[in-house]
Amino acid sequence: MNFLQAEWRKLAIINYDIDPEVLVKYLPEGTELDFYQGKCYISLVGFMFLNTKLLGLSIPFYRNFEEVNLRFYVKKKEKNTWKRGVVFIKEIVPKYALSFVANSFYKENYKTMPMNNEIRLNDDKLTVKYEWKDKSWHSIQITADSTALPMEDDSEFEFITEHYFGFTKREHKTSEYEVCHPKWEYYPVKDYQLDIEFNALYGKDFQFLNEQKPISVMLAEGSEIEVKTKKYIM
């Protein structure tokens, strides 16, 4: 059953290399860290939620909005196959009701903050910017080519975007939900700007990201998506 239907569009993805030991305490039971070419990744992702439907219903004033999340990558073995997914440290949205539903039904760590977005297309240049505010404003801005390209097999972009499960750790329980979408195209990135205070947003475990240069920056077009109803697995 689909819990949520929507479009995820213009995903600005900032990737960092992180010491796996930092993430161990955030691992849901039954999962293990997923690596790409020996590196452990954590990503800050900003994107647009569009045409959102909850249990098949479109809710006025809650169809289109921004989200920014900090996430890392895991896998779980089931019947001799690996399920590859993500774990969220925190997800930021602009409306309290969105946080309430996500926290209540999916036990995620959603927070409500004022948010803005700006998406501009000028000739051969696409600019995407997301802003959010706790005590001060934070922002991600990416400038890229305006023509999207197909995903390359075994690429870093494929690793980051081809995780189709969400795993949640709450009170020694692990829940799982599936996210369905086609392969995404990407826009070659020309430049980026970050104005983020990781310690204020995510705590001292992630303060080091203030001084660390991203290992890569990506801009994905995204697609229509479906989020299945969650289930407890451990």
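All residue numbers in this chain count up from 1 along the given sequence. We use all heavy atoms of the structure for the numbers below, so side chains are in, but hydrogens, waters and symmetry mates are not.
Two residues are said to be in side-chain contact when any heavy atoms from C-beta on lie closer than 4.5 Å; Leu194 and Ile140 meet this criterion. The shortest distance between side-chain heavy atoms of Leu27 and Lys169 does not fall below 4.5 Å. Between Lys25 and Asp205, some side-chain heavy-atom pair lies under the 4.5 Å cut-off. Counting only heavy atoms from C-beta outward, the side chains of Tyr110 and Val93 approach each other to under 4.5 Å. Counting only heavy atoms from C-beta outward, the side chains of Pro94 and Glu66 approach each other to under 4.5 Å. With a 4.5 Å cut-off on side-chain heavy atoms, Thr127 and Gln141 count as touching. Counting heavy atoms from C-beta on, the side chains of Ile196 and Leu201 come closer than 4.5 Å. Here the side chains of Val68 and Met115 are in contact, with some heavy-atom distance below 4.5 Å.
The OG1 atom of Thr143 sits 7.0 Å away from the CZ atom of Arg120 when rounded to the nearest 0.5 Å. Here the CG-OH distance, from Leu126 to Tyr187, works out to 6.0 Å after rounding to the nearest 0.5 Å. Distance check, rounded to the nearest 0.5 Å: CD1 of Ile89 to CZ of Phe72 gives 5.0 Å. One finds the CD1 atom of Ile14 at 9.0 Å from the CG atom of Leu219 (value rounded to the nearest 0.5 Å). Note that the CD atom of Glu211 and the CZ atom of Phe198 stand 11.0 Å from one another [nearest 0.5 Å]. Rounded to the nearest 0.5 angstrom, Ile13 CD1 and Leu44 CG are separated by 10.5 Å.
Remark: side-chain polar atoms of Ser139 are not paired, donor with acceptor, to backbone N or O of Glu131 under 3.5 angstrom. A donor-acceptor pair is defined here as one N or O able to donate and one able to accept, closer than 3.5 Å; no such pair exists between the side chain of Lys76 and the backbone of Glu32. Between the side chain of Glu197 and the main chain of Ala200, a donor-acceptor pair closer than 3.5 Å is present. In terms of modelled atom types and a separation under 3.5 Å, the side chain of Glu7 and the main chain of Arg9 share no donor-acceptor contact. Remark: side-chain polar atoms of Asp19 are paired, donor with acceptor, to backbone N or O of Glu21 under 3.5 angstrom.
Nearest approach of Arg63 to Asn51, heavy atoms of both residues: NH2-OD1, 3.0 Å. Closest of all the heavy-atom pairs between Ile160 and Arg71 is O-NH2, 3.2 Å. Here the closest heavy-atom approach between residue Pro150 and residue Glu185 is recorded as CA-CG, 4.2 Å. When all heavy atoms are compared, the tightest approach of Val74 to Val86 is CG2-N, 4.3 Å.
When each of Glu78, Glu162, Glu178 is tested with Lys83 by the rule salt bridge (charged side-chain N to carboxylate O under 4.0 Å, His left out), just one qualifies, namely Glu78. The side-chain contact (heavy atoms from CB on, under 4.5 Å) test with Met48 singles out one residue from Leu11, Val128, Asn117, and that residue is Asn117.
Residues Phe35 and Leu23 share a single hydrophobic cluster, defined by chaining ILVMFWY side chains whose heavy atoms lie under 4.5 Å apart. Residues Leu209 and Trp137 fall into different hydrophobic clusters, defined by Ile, Leu, Val, Met, Phe, Trp and Tyr side chains chained together at heavy-atom separations under 4.5 Å. The hydrophobic cluster containing Trp82 does not contain Tyr164, counting ILVMFWY residues as joined when their side-chain heavy atoms lie under 4.5 angstrom apart, directly or transitively. Under a hydrophobic-cluster definition in which Ile, Leu, Val, Met, Phe, Trp and Tyr are linked whenever side-chain heavy atoms come within less than 4.5 Å, directly or via other members, Leu70 and Phe208 are assigned to the same cluster. Val24 and Phe88 fall into different hydrophobic clusters, where Ile, Leu, Val, Met, Phe, Trp and Tyr are joined by side-chain heavy atoms under 4.5 Å apart, directly or via other members.
With ring centers used as reference points, Tyr130 lies 6.0 Å or more from His138. Separation of the Phe157 and Phe159 ring centroids does not fall under the 6.0 Å cut-off.
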Show the numbers, then the answer: is there a side chain to side chain contact (heavy atoms under 4.5 Å, CB included) between Glu91 and Glu67?
CA-CA 7 Å; Glu91 296 162 89; Glu67 178 177 318; 3.3 Å; yes

What verdict does the side chain to side chain contact (heavy atoms under 4.5 Å, CB included) test give for Thr168 and Val87, after you've listed the backbone C-alpha separation in whole Å, the side-chain angles of each residue and the deciding distance to 0.1 Å?
CA-CA 6 Å; Thr168 305; Val87 177; over 6 Å; no

Stepwise side chain to side chain contact (heavy atoms under 4.5 Å, CB included) test for Gln5 and Ile225:
CA-CA 6 Å; Gln5 293 173 289; Ile225 63 97; over 6 Å; no

Taking it one step at a time, do Lys133 and Met113 satisfy side chain to side chain contact (heavy atoms under 4.5 Å, CB included)?
CA-CA 6 Å; Lys133 182 182 180 183; Met113 298 181 189; 5.5 Å; no

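Donor-acceptor pairing under 3.5 Å is lacking for the side chains of Asp124 and Ser146. Tyr16 and Gln212 share no side-chain donor-acceptor pair at under 3.5 Å. Between the side chains of Tyr186 and Glu221, no donor-acceptor pair of N or O atoms lies under 3.5 Å. One side chain, Asn15 or Ser43, offers a donor N or O that lies under 3.5 Å from an acceptor on the other. Between the side chains of Ser223 and Trp184, at least one donor N or O lies within less than 3.5 Å of an accepting N or O. For the 3.5 Å distance criterion, the side chains of Tyr41 and Glu156 qualify, holding a donor opposite an acceptor.
Taking 4.0 Å as the cut-off between side-chain N and carboxylate O, Lys39 and Asp17 do not count as a salt-bridged pair.
Counting non-hydrogen atoms of neighbouring residues, nucleotides and ligands closer than 6.0 angstrom, the CD atom of Glu226 exceeds 12 such neighbours. Around atom NZ of Lys125, no more than 12 heavy atoms belonging to other residues, nucleotides or ligands sit under 6.0 Å away.
The aromatic rings of Phe206 and Tyr26 sit tilted relative to each other, their planes meeting at an angle between 30° and 60°. Using cut-offs of 30° and 60° on the angle between ring planes, the pair His163 and Tyr73 is tilted.
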